[in-house]
Amino acid sequence: MIESKNFLRTIVEEDLKSGKYKEIVTRFPPEPNGFPHIGHAKSIFINFGIADDYGGHCHLRMDDTNPTKEDTKYVEALKDAVKWLGYEWDGSVRFTSDYFPKLYDYAIELIKMGRAYVDSLTEDEISEYRGSVTEHGRRSRYADRSVEENLDLFMRMKKGEFAEGEHVLRAKIDMSAPNMKMRDPLLYRIRDTDHFRTGDEWSIYPMYDFAHCLSDYIEEVTHSICTLEFENNRDIYNWVLDTLSLKSPRPYQYEFARLNINYAVMSKRKLLELIEGGYVSGWDDPRLPTIAGYRRKGYTPESILTFCDQIGIAKANSVVDVSQLEFCIRDDLNKKVPRVLCVLNPLKVTIENYEGSEEIDAPYYPHDVPKEGSRKLSFSREIYIEREDFEENPPKGYYRLTLEQPVRLRHGYIIACKEVIKDANGNITELKAEYYPDSKSGCDTSGIKVKSAIQWVSAADAKVIEVRVYDRLFVAEFPEGVEDVNPNSLKVIKNALIEPAVVIQKPDVRFQFEREGYFYADPVDYSDEKPIFNKIVGLKDSWDKKKKKTTDKRAKPQERKVQIDGEVAPMTSEQQTLFDKYTTELKLNSEVANTLARDAYLSEFYEKALSLLKSPVNLANMIVNEVLREIKERHSTKLRFTPGQIAELVKMLDEEKISSKIAKQLFEEMAKSGENPVKIVKEKGLIQISDPAQIAPIIDEVIAKNPHNVAKFKAGNRKLLGFFVGQTLKATGGRANPKIVNDLVVKKLQ
RNA sequence: UGGGGUAUCGCCAAGCGGUAAGGCCUCGGUUUUUGGUACCGAUAUUCGGGGGUUCGAAUCCCUCUACCCCAUCCA
């Protein structure tokens with residue numbers, strides 16, 4: 001299958017390599033409270049795709065912890081979607097509700113550990129006590145109940161002794177946690193509602209944060225992949241699994257950005273609004289971005305999967321252009337589907353010099369699609385062509401039929417228009433034409449040149465079909481809601497005419513109506529008596545584009561955004577004193593001095609190193625640029641090296657024993673091992689090579705190996721300097737003095 | 001405003017100190033009995049802004065800015 005690397009796959013590969021897991025297990029865990037949309041397809045593609053490619057398993061699990069919203073009909077829709085996309089879940093479909101007994105036991109355990117308590121605050125109080133993003137929360141007065149009391153209450157909650165809202169079970173974490181999700185999150189709530197699977201067996205239901213991580217653990221999931229909005233929930237995910245000290249391996253959560261597509265809405269709420277408001281016909285309305293909608297419209301699973309692969313996976317919120325999806329379906333269908341002739345808006349043409357009738361053999365596929373198959377087209381005196389394919393007053397660049405310009409009937413003869421018949425209102429009702437008998441397709445000896453070939457159907461045996469032409473559901477690129485609905489998103493053409501083979505022979509269910517687009521026999525409403533086709537997507541239309549371009553001249557006023565800098569916090573007087581000392585006395589540049597002066601730990605570190613080595617500038621640079629990173633990564637204090645070691649490192653740098661490149665390498669090693677830098681240099685032989693006589697031959701070799709780049713460099717591509725320096729450095733194991741290499745390369749390439 | 005994220009072409013997106021991948025869109029051209037397809041070519045001296053470190057920075061450091069997520073007994 002089509003694969004590209006992304007950050008999730010990188011993690012999976014590393015975990016496999018390090019032996020963290022023997023086998024990868026992922027899961028697709030939808031809540032069965034709505035139909036899956038193309039965003040789910042992305043998630044399915046990611047989870048099943050990773051499992052497939054790394055020899056693992058992917059589970060399909062219904063996250064059914066909220067009995068008030070979920071329903072079995074959605075379970076079926078979810079299963080259908082996964083199957084339709086071509087994936088098989090491991091084992092049977094799983095349900096979080098299957099784990100209710102186990103989850104209950106885990107909750108009991110948490111209570112016994114004193115890490116969970118039954119709270120009896122009202123809903124409003126709980127919300128109030130939680131505080132806000134800027135204010136700490138306060139703990140409930142019920143948080144101090146004894147383990148026994150909690151146990152008793154929780155068991156009675158389970159038995160159904162209390163009404164909804166009377167009590168909840170909460171984790172005891174931290175009401176002042178900056179992450180609001182960690183302010184004693186709810187674990188269980190009472191619900192009177194029957195659950196679609198467990199019926200009235202339970203009167204308490206676990207919350208997502210409690211159920212999800214444990215369900216993953218129970219199923220031995222390794223990588224729990226979800227969308228960005230759960231980033232804050234990761235802390236609880238880890239808290240639950242860690243607090244219960246479950247035996248490893250355990251799953252970890254990773255987040256990716258959910259899919260958005262312009263001119264569409266993806267949220268269940270908005271989708272439901274469209275359905276319930278009657279803006280669309282149901283979950284499978286072809287205008288909806290639901291999987292059922294795309295399927296009904298005629299999209300293939302392959303095209304959806306290709307799309308998911310093309311858009312990639314990252315952590316940045318983004319909106320993918322619909323044209324990317326449209327490209328995928330066109331690209332897929334182009335290779336697969338028979339071409340037929342259909343006239344959407346018929347205009348009668350009488351060929352006055354033609355008598356009788358004949359059958360024309362016409363292949364289903366064009367020369368560039370390697371597929372076999374053909375049908376007969378019957379030709380006679382009366383035909384229909386597309387109304388748009390004739391113009392009395394053609395615009396410039398019009399290739400189709402005009403009074404002066406003949407045109408070819410696809411697979412048939414060339415015709416010329418002789419007369420235009422109009423009704424009382426001046427509307428064209430019919431064309432009188434003549435054909436050229438020696439111009440038949442395949443044996444054309446007429447020598448007439450035409451600019452285009454158009455579709456047509458014979459009046460005598462064309463079949464009437466209904467065609468449903470779908471346009472985007474919203475007029476706004478980023479729709480808010482129903483107020484942005486496109487009133488013309490569905491056009492039903494009742495009397496389109498199509499060549500009979502399509503509805504009699506039925507060579508396929510998807511077709512390209514030539515020069516129009518791709519169409520699909522509607523799987524629900526189609527009947528032999530009343531054939532109905534959905535438009536899947538139009539063909540690219542460069543003529544349409546050209547026409548539009550001449551009419552609307554879009555001049556975009558491109559203004560440059562000016563970014564305003566915010567204010568920087570002022571320094572304290574001590575910091576200021578330090579800063580002044582650094583800049584004037586020690587001659588540090590102000591940036592470095594600023595960073596140093598503002599961080600007490602850092603400046604102290606600096607002073608210590610400085611007392612051992614009088615190299616203020618290099619020491620400061622090293623500390624600000626390298627040591628600071630280590631401090632951040634290791635939560636300050638636990639550094640594995642001392643100021644003395646930094647001084648030794650900088651000393652070697654000052655003495656030009658090592659290059660700055662090696663210094664960085666060295667620093668990293670030292671930070672990891674705590675080893676003495678001088679010792680590392682000695683052991684690894686990292687002494688810098690500064691002798692030009694030693695370096696020159698290596699450069700010569702690099703130059704000899706890359707004549708193409710030498711030419712480019714000489715032609716003025718100065719960026720290639722880095723390439724040559726890099727190659728030379730690589731050849732010496734990083735030991736060559738880069739400054740000298742640099743000079744030498746420039747000299748040699750001059 | 002506390003915390004957590006994210007910023008690379010019109011839209012996605014690689015890139016992890018050494019020549020700014022790729023796809024879509026757009027624009028040219030060639031082939032074509034689909035104004036389709038295919039094929040060729042063009043399109044980021046620059047990576048949200050400003051500084052710093054380095055021979056060399058999209059990548060490391062500082063700082064600023066913008067956007068997204070979190071205060072459901074939803075998931």
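Here is how names work: the chains are called A, B, and so on, in the same order as the sequence lines, proteins then strands, and each is numbered from 1. On a predicted model such as this, the values are computed, not experimentally measured, just so you know.
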Checklist entry - Is it true that A/Arg170 and A/Asp184 make a salt bridge, defined as a side-chain N closer than 4.0 Å to a carboxylate O? => result no
Checklist outcome for this item: From the candidates B/U1, B/U53, B/G5, the one with an atom nearest any side-chain atom of A/Lys315 is B/G5
Item to check | Spacing between A/Ile385 atom CD1 and B/U34 atom P, to the nearest angstrom | outcome: 17 Å
Next on the checklist: Between the base of B/U54 and the side chain of A/Ser660, is there a donor and acceptor pair under 3.5 angstrom?
Outcome noted: no
Checklist entry - Is the closest basic N to carboxylate O distance between A/Arg258 and A/Glu229 below 4.0 Å? => result yes
Checklist entry - Which part of the nucleic acid, if any, lies within reach of A/Ile311 when heavy atoms closer than 4.0 Å are counted: base, sugar-phosphate only, or nothing? => result sugar-phosphate
Next on the checklist: Between the side chains of A/Asp444 and A/Lys440, is the shortest nitrogen-to-carboxylate-oxygen separation below 4.0 Å, so that they form an ion pair?
Outcome noted: no
Checklist entry - Between A/Ala569 and A/Met622, which has a closest nucleotide on RNA chain B that is more 5'? => result A/Met622
Next on the checklist: For the P atoms, the ones on B/A21 and on B/U46, what distance do you get once it is rounded to whole angstrom?
Outcome noted: 15 Å
Checklist outcome for this item: Rounded to whole Å, NE2 of A/His708 lies from P of B/U19 at a distance of 14 Å
Checklist entry - Given that A/Tyr398 and A/Gly566 both sit by RNA chain B, which one's nearest nucleotide is further toward the 5' end? => result A/Tyr398
Item to check | B/G15 and B/G51, which share atom name P, separated by this distance in whole Å | outcome: 28 Å
Item to check | Side chain A/Asn717, main chain A/Lys712, donor-acceptor under 3.5 Å | outcome: no
Checklist entry - For A/Phe327, which contact category applies under a 4.0 Å heavy-atom criterion: base, sugar-phosphate, or nothing? => result sugar-phosphate
Checklist entry - Heavy-atom count around A/Lys730 NZ within 6.0 Å, excluding the residue itself: above 12? => result no
Checklist entry - Contact class for A/Ile313 (heavy atom, under 4.0 Å): base, sugar-phosphate, or nothing? => result sugar-phosphate
Checklist entry - Using a cut-off of less than 4.0 Å, is there contact between a side-chain N or O of A/Arg515 and OP1 or OP2 of B/G35? => result yes
Checklist entry - How far does the C1' atom of B/C64 sit from the matching atom of B/A7, given to the nearest Å? => result 14 Å
Next on the checklist: Can you check the distance between B/U63 and B/C70, where both ends of the measurement are the P atom (answer in whole Å)?
Outcome noted: 28 Å
Item to check | Minimum-distance nucleotide (side-chain atoms of A/Leu720 versus B/U19, B/A71, B/A38) | outcome: B/U19
Next on the checklist: More than 12 heavy atoms of other residues, nucleotides or ligands under 6.0 Å from CD of A/Glu477: yes or no?
Outcome noted: yes
Checklist entry - Roughly how many Å is it from CD in A/Glu14 to P in B/C16, rounded to a whole number? => result 14 Å
Checklist entry - Base, sugar-phosphate, or nothing: which does A/Thr122 touch, judged by heavy atoms less than 4.0 Å apart? => result base
Checklist entry - If we require ring centres under 5.5 Å and near-parallel planes under 30°, does A/Tyr399 stack on B/G35? => result yes
Next on the checklist: Does B/A13 have its OP1 or OP2 closer than 4.0 Å to a side-chain nitrogen or oxygen of A/Ser318?
Outcome noted: yes
Next on the checklist: With a 3.5 Å cut-off and heavy atoms only, can you find an N or O donor on one side and an acceptor on the other between the side chain of A/Asp565 and the base of B/G51?
Outcome noted: no
Checklist outcome for this item: As its Watson-Crick or G-U partner within any shown strand, both distances under 3.5 Å, B/U34 has none
Next on the checklist: Taking B/U37 as the reference, what is the distance to B/U32 when you measure between their C1' atoms (whole Å, please)?
Outcome noted: 9 Å
Checklist entry - What nucleic acid atoms does A/Lys268 come within less than 4.0 Å of, heavy atoms only: base, sugar-phosphate, or nothing? => result nothing
Item to check | Nearest-Å distance once atom C1' is located in both B/C24 and B/C9 | outcome: 12 Å
Next on the checklist: Rounding to an integer number of Å, can you tell me how far A/Leu259 CG sits from B/C11 P?
Outcome noted: 16 Å
Checklist entry - Counting only side-chain N and O atoms of A/Arg189, is one of them less than 4.0 Å from OP1 or OP2 of B/A75? => result yes
Next on the checklist: By nearest atom, which of the nucleotides B/C74, B/U34, B/U26 is closest to the A/Glu31 side chain?
Outcome noted: B/C74
Item to check | Carboxylate-amine/guanidinium proximity below 4.0 Å for A/Asp216 and A/Arg27 | outcome: yes
Checklist entry - What distance, rounded to whole Å, do you find between the two P atoms, one in B/G52 and one in B/G41? => result 41 Å
Checklist entry - Touch check for A/Asp544, heavy atoms < 4.0 angstrom, all strands: base, sugar-phosphate only, or nothing? => result nothing
Item to check | Interatomic distance, A/Lys664 NZ vs B/G18 P [rounded to whole Å] | outcome: 12 Å
Checklist outcome for this item: Here the distance between atom C1' of B/A14 and atom CZ of A/Arg9, to the nearest Å, is 15 Å
Item to check | hbond_proxy A/Asp321 side chain to B/G10 base (donor-acceptor, 3.5 Å cutoff) | outcome: no
Item to check | For atom CG of A/Leu588 and atom P of B/G51, their distance in whole Å | outcome: 20 Å
Next on the checklist: Does a side-chain N or O of A/Arg258 approach OP1 or OP2 of B/G5 to a distance below 4.0 Å, or not?
Outcome noted: no
Checklist entry - Is there a donor and acceptor pair, one atom on the side chain of A/Gln324 and one on the base of B/G23, closer than 3.5 Å? => result yes
Item to check | Face-to-face stacking of A/Trp543 with B/G35, centres under 5.5 angstrom, angle under 30° | outcome: yes
Checklist entry - Counting any heavy atom closer than 4.0 Å, what does A/Ile236 reach on the DNA or RNA strands: base, sugar-phosphate only, or nothing? => result nothing
Checklist entry - Of the nucleotides B/G52, B/C68, B/G36, which one has an atom closest to the side chain of A/Asn317? => result B/C68
Checklist entry - Is any N or O donor-acceptor pair between the side chain of A/Glu516 and the base of B/U34 shorter than 3.5 Å? => result no
Next on the checklist: Measuring to OP1 and OP2 of B/C61, would you say a side-chain N or O of A/Lys632 lies under 4.0 angstrom away?
Outcome noted: yes
Checklist entry - NA contact type, A/Gly517, heavy-atom cut-off 4.0 Å: base, sugar-phosphate, or nothing? => result nothing
Next on the checklist: Between A/Glu164 and A/Arg191, does any side-chain N to carboxylate O distance fall below 4.0 Å?
Outcome noted: yes
Next on the checklist: Is A/Ser132 close enough to B/G2 that one of its side-chain N or O atoms is under 4.0 Å from OP1 or OP2 there?
Outcome noted: no
Next on the checklist: Both distances below 3.5 Å, Watson-Crick or wobble geometry, any strand: find the nucleotide opposite B/U59.
Outcome noted: none
Checklist entry - For the base of B/G56, is there a side-chain donor-acceptor partner from A/Asn742 under 3.5 Å away? => result no
Checklist entry - Can you tell which of B/G35, B/A75, B/G52 lies closest to the side chain of A/Arg400? => result B/G35
Checklist entry - Does any N or O in the side chain of A/Arg138 come within less than 3.5 Å of the main-chain N or O of A/Met175, such that one atom is a donor and the other an acceptor? => result no
Item to check | Quiz item: A/Gln563 side-chain donor-acceptor pair to B/G48 base, under 3.5 Å | outcome: yes
Item to check | Check: A/Lys661 side chain, B/G18 base, donor-acceptor under 3.5 Å | outcome: yes
Item to check | Note: A/Asp544-A/Lys548 ion pair, threshold 4.0 Å (strictly below) | outcome: yes
Checklist entry - Think A/Arg191 has a side-chain N or O under 4.0 angstrom from the OP1 or OP2 of B/C74? => result yes
Checklist outcome for this item: Under a 3.5 Å limit on both distances, the Watson-Crick or wobble mate of B/A66 is B/U6
Item to check | Donor-acceptor pair present, A/Lys719 side chain and B/U46 base, under 3.5 Å | outcome: yes
Item to check | Atom pair distance, as rounded to whole Å: CD in A/Gln665 and P in B/G56 | outcome: 19 Å
Item to check | Short side-chain N/O contact from A/Asn233 to OP1 or OP2 of B/A75, under 4.0 Å | outcome: no
Item to check | Rounded P spacing from B/G22 to B/C39 in Å | outcome: 15 Å
